[in-house]
Amino acid sequence: MTQVFYYVFTLIFFLFDYFILAMGLNIQYGETGILNFAYIGFVAIGAYVTGAVSLPNSVGTGQHYILGLNMPFPFNLLIGGLTASAFAVLVALISLRRLRTDYLAMVLISLSLVLYDICNNFVPLFNGADGLYNVPAPLAGVLHLTTNSFIPVIALVTGVIAMFLWWVMSRITQSPLGRTFRAIRDDETVAAALGKNVFRKQLTSMLIGSFYAGIGGGLIIQFGGSFNPSAWLPGETFVVFAVIIVGGVGNNVGLLMGSLLVETLLVHLPAFLPAIPGHPGLIEYIDAMLIGVLLMVMLWFRPQGVVPERVRKSTVIDKLLLNSNGASAVGESLHDEEATSVSQ
Amino acid sequence: MSVNDVTTNEVANAALSCEGIVKSFQGVVAVNGASFSVPEGQITALIGPNGAGKTTVVNILSGSMKSDGGTEHIGSTDVSNWESYQIARMGLMRTFQLSRELGGLTVLENLLVAPKTQSGESLFNIFFRPGKTKREEHANTQRALDVLQTYGLYALRDNRARELSGGQKKLLEISRAVMAEPKILLLDEPMAGVNPALIEKIGGYILDLKAKGVTILMVEHNLNVVEKICDHVIVLAEGRTLATGRLSELRENKEVVRAYLGEVIDASSAR
Amino acid sequence: MPALLAENVTAGYGRTPIITGISLTADVGTITTIVGPNGAGKSTFAKTLVGILRTTTGRILVDDVDITKMPGHLIPRNGLVYVPQNDNVFKSLTVRENLEVGGFAAKGDSSERMEHILSIFTDLAKAREKKAGFLSGGQQNLLAIARALMVEPKVIVLDEPTAGLSPAYTDVVWNQIEIIKNSNTGVLVVEQNVERALKHADFVHIFVAGSNHVHGPASEIAVLDLASIFLGRAEAKRS
Amino acid sequence: MQLFWLSFGFGLVTASVLAVSAVGLSLQFGITNYINFAYGDFMALGAYITFVFNNEVLHWNIWLAIVLAAIVVGLFAVVIQRVILSPFARRFDKTFYVLIVTFGLSLILLNVIYSIWGATVRFYSVPINRALHIGPMLLTAYQLIVMAIAVVLMLGVHVLLKTTRLGKSMRAMSDNTTLAMTSGIDTKRITTITWFLSGMLAGLAGAVLGLTEGNLTPASGELFLFVIFAAVIVGGVGSIYGAMAGAVLIGLATEVSAAFINPAYKLDVAFVILILTLLFRPSGLFARSGKG
């Protein structure tokens, strides 16, 4: 019974964590139109940095990493997110300015592989292929948690962070900045002709999205206490793409749905199935195939996702304005005919 | 002040001018030293036969395309080869020949994108100066709704722009540019593919803009329209400025007729 | 029987038709031109003939073969070739290779045909091994025409073959078109330059707003008030 | 100096594998105008099918196995193009979607390979091979044969493109698809053939990669993919000869640098060259002329 209880919280953790990751990729791909195939690399940076700054001095643990600051939660997480952001801006500065979509995709996927290669081989950075382990559990000391009772707590904490980040993201997507992002996604040339500094806005979008990637990654290492290169092979980026495309590009509720369908139900639930005897890992492989197939089927039959992007209606603002200015109501009836007569 | 005064004084009153614009695509010359100036507060037509380089000139003037040579001034500021967004911030707005609506945005949002400086476009302001952002957004929305009313798109404000008809997209294109409060407006064939009733209407809108002091340069090949609403005409042929003046004068100009109908084959009549 | 027969053709991009109910013919040994103001649908019509755009109504016959629904690459094999206005050569291929590609759809020996064509297009013969992308605009247009001729077409459709060319080079191109006409081929030219169109054409169609209600032998069209049609002073009337 | 020549020899071997795979990728890109992110998995598939023919079941000669595997992957590529990629490319006009689909395809194929052959490292059944001294270089007979295959294939591709009707049609189509169609080229047929060739080269490259590296793992193709990207971008995307030149440059640079830095990072050298190229000559060092 308790086993099931912890499984459920593990699923809840991943639901919220991938919701965070999906929001980050969505602002880049769904809102701004940047095809970031290196996304998982930024997640990894967040995870490693969060882990590295939370670990105590390396003496005795046998691990190699840069700092040993033993930083407490949530500052470690924040540092992880900010580092991922800073790195994303650096990458964008080099690659985003004049590359067409497919060049950019090639460069970013290459970057993702190179980061993987370096982290896997360069031991002094993040302990090479072994990765970081024994990362202190957040709040464990404060709340006197055991290995098991820790799981519901971190799931809850992640849920709270996800809700907060959802609120932040809604503020951004509903703001003029979010609108400008979508204008760039729809037509860069028009956005530029309207006086928008497209490159700078793309940088901003990369910065925001990668911060989310970093936080999501940081939470993963806090949850598991360890993180190594095999957790973030470039194909993992695709899982996040699957989450946002299945759920609904450009809609935060859709992203939560996508995280539930893809990450929770497809990726993690089958992990608890007993292995098929004689075929270790087969379930995971089939699982990954299913994600690929699901994404293609969705793209073909329902490209807008389970919960499509909302039409941002003017009614709310309109009501506010109508109170101060009655002219709009008169205008509506007058202009209805005109608008239809224009159709040709 | 009459139109003639403007044309004689055009250098002094030029809102926009260019000198020796050159552009070629893979060895094929599209614009070959076009030079002209657009008098302030007037409607100027840019006409010429197919392949004369009109759209390329508009693209270069608005910064959507880089020229191979030549200079451009807005007022007295040298803006040669500035980025598109920098030119837009100087108050020059353009429309596109084939309407380029921001398809995923609603009609209202298309307009709301346009105002040049919006404090809500900064991450800092969104979270730390929400009041200012909100006030600005409300003012912009009010103005956008007014513009939509003026252009007969009010009822469609919540429709996705990609769902509009061809004519409605044309109107959206113009109203979006107007929303940015341009000093200079470049219209690339605003009447192309538009039914006669709507041509009449768009013509009226353009005259209204002129009355508000907007300088307009429009590429147009419907010469009836040019005759009715334009003060001044620039004829472009083979990438060069062939003539400038009023349409009635230009109709008698042999070179202009030649550019439209082909060179006069009889050597004696060909100057 | 005309080499090319278009009957009641309507076509456009998406749902909106650009050209409506156009019928015309082009005969072997004659030049038929299509003139008209910008945006009248001249190029759209040319693209519809060769299968880049599809008709919504009407039919197109070449030598009595119905090509209306035929896959685009089979149309040249049936004797109808097209020279677009822009991007009309394979830029990274040499002049010779461009001609070879043109000859793929032809029956019989195309190397002989190529020598014959190069003997007419002397400019191209000199640039045989040059990449087409490095030719001047005028030379590219000539190469495009020469490539189209490689299939020994019954009808060749030229979309503004002299647009953007200098007057001298315009002469060169028209001379070639005259030669083509005399080699047992029907020529259909979309032309901006009305004087030229009238000088060389046997038959002229004037397109206005997507239809060709003014048409006739060049001599009849020449006496119309063309300036009024083009510079938009009044409705054109047949005299 | 001896170390230099040794690594130079390995560089030529890597360049050979790289050239074959980069040309395969470029051929397909030129025709369809989108990048196939599953290309690395096509390679891995080639390697494992070779393994099946050579070792697991049939015990055929390695070269025969490679050739047959290449043909199988070629046919497989055609099926993938017909059933999945081409419908997506026709339906969505933004490249975005097709790129994501090929990315997804890559995930599927990788896991198919894992499901069938597992994660264990596999080896071809080939006799142990003593290295031969070729001038200052030290190479095995297999490595020499791989180099010879690459040279022959590159010459073959050159002859195909420059002299045959098929090759000229392919080049014409990669220049301008509509014009090719109105000139009488059956663009659908050319696309199919190109995918077949591209798949064949991928399968072959994957197999010889396994042979030169001495082992095969399911992810080896994907890891090699970015080196291919580096070669293709450095050479100028879409240019076949650029891809060949890029392959030689990247192949030599990665192996020669491995003589002087930790060999674990030799592939990252490719990435550094890629970034430098993008910064200073974004259209590639050997960008094709005559086309913008």
Side-chain angles (χ1 to χ4, degrees), chain C residues 46-53 67 70-107 110 129-135 140 143-153 156-157 159, chain D residues 23 26-27 29-31 33 86 90-93 157-194 235-245 283-284 286-292:
Chain C
K47 285 180 186 162
T48 309
L49 287 179
V50 297
I52 297 175
L53 296 175
I67 61 157
M70 195 178 270
H73 70 272
L74 293 179
I75 291 175
R77 267 162 240 237
N78 282 279
L80 179 66
V81 289
Y82 165 63
V83 178
Q85 185 185 346
N86 302 310
D87 283 330
N88 50 19
V89 295
F90 299 110
K91 292 194 167 89
S92 67
L93 271 59
T94 64
V95 168
R96 189 172 49 74
E97 287 171 335
N98 264 279
L99 295 177
E100 283 170 5
V101 169
F104 286 169
K107 303 169 196 90
S110 62
E129 299 303 328
K130 213 168 163 183
K131 275 194 181 164
F134 293 131
L135 299 178
Q140 290 191 7
L143 175 58
I145 296 172
R147 190 194 59 240
L149 291 177
M150 285 295 294
V151 278
E152 306 198 31
I156 180 168
V157 180
D159 191 356
Chain D
V23 166
S26 294
L27 279 177
F29 178 78
I31 295 289
N33 226 2
S86 182
R90 264 203 307 274
R91 171 145 174 195
F92 299 102
D93 47 351
V157 169
H158 169 76
V159 170
L160 171 81
L161 291 177
K162 287 288 179 185
T163 65
T164 68
R165 185 168 163 159
L166 171 64
K168 284 172 196 163
S169 299
M170 286 165 69
R171 285 164 60 211
M173 217 186 127
S174 115
D175 249 18
N176 187 334
T177 309
T178 310
L179 188 61
M181 189 265 280
T182 60
S183 302
I185 292 173
D186 186 347
T187 48
K188 222 173 163 180
R189 187 175 144 262
I190 301 293
T191 309
T192 303
I193 296 174
T194 307
V237 176
S239 153
I240 303 295
Y241 297 101
M244 293 180 191
S283 58
F286 315 96
R288 77 160 102 177
S289 47
K291 192 190 177 186

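Below, read A as the first sequence line, B as the second, and so on, with proteins coming before strands; counting in each chain starts at 1. Note: hydrogens, waters and symmetry copies are ignored here, and every other heavy atom, side chains too, is used. None of the values given here were measured: they were computed from a predicted structure.
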I'd like to know which of C:N98, C:L74, C:V81, C:V101 tops the heavy-atom pair count under 4.5 Å against chain D. C:V101
Partners of C:R77 by side-chain hydrogen bond (donor to acceptor under 3.5 Å, both in side chains), sequence neighbours excluded? none
Is it the backbone or the side chain of C:V151 that comes under 4.5 Å from a heavy atom of chain D, or both, or neither? neither
Once you round to the nearest 0.5 Å, how far does CZ of D:R189 lie from NE2 of C:H73? 8.5 Å
What are the two closest non-hydrogen atoms of C:L93 and D:R171, and how far apart are they? CD1-CB, 3.7 Å
Between D:N176 (side chain only) and C:D87 (backbone N and O only), is there a donor and an acceptor less than 3.5 Å apart? yes
Who among D:D186, D:T182, D:T178, D:I185 has the most heavy-atom pairs with chain C under 4.5 Å? D:D186
Could I get the full list of ring pair (Phe, Tyr, Trp, His ring centres under 6.0 Å) partners for C:F104, not counting sequence neighbours? none
Heavy-atom proximity to chain C below 4.5 Å, by part of D:K162: both
Given heavy-atom pairs under 4.5 angstrom as the criterion, report whether the side chain, backbone, both or neither of C:I75 touches chain D. neither
Closest heavy-atom pair, C:P76 versus D:S183, reported as atoms and distance to 0.1 Å, is CG-C, 3.8 Å
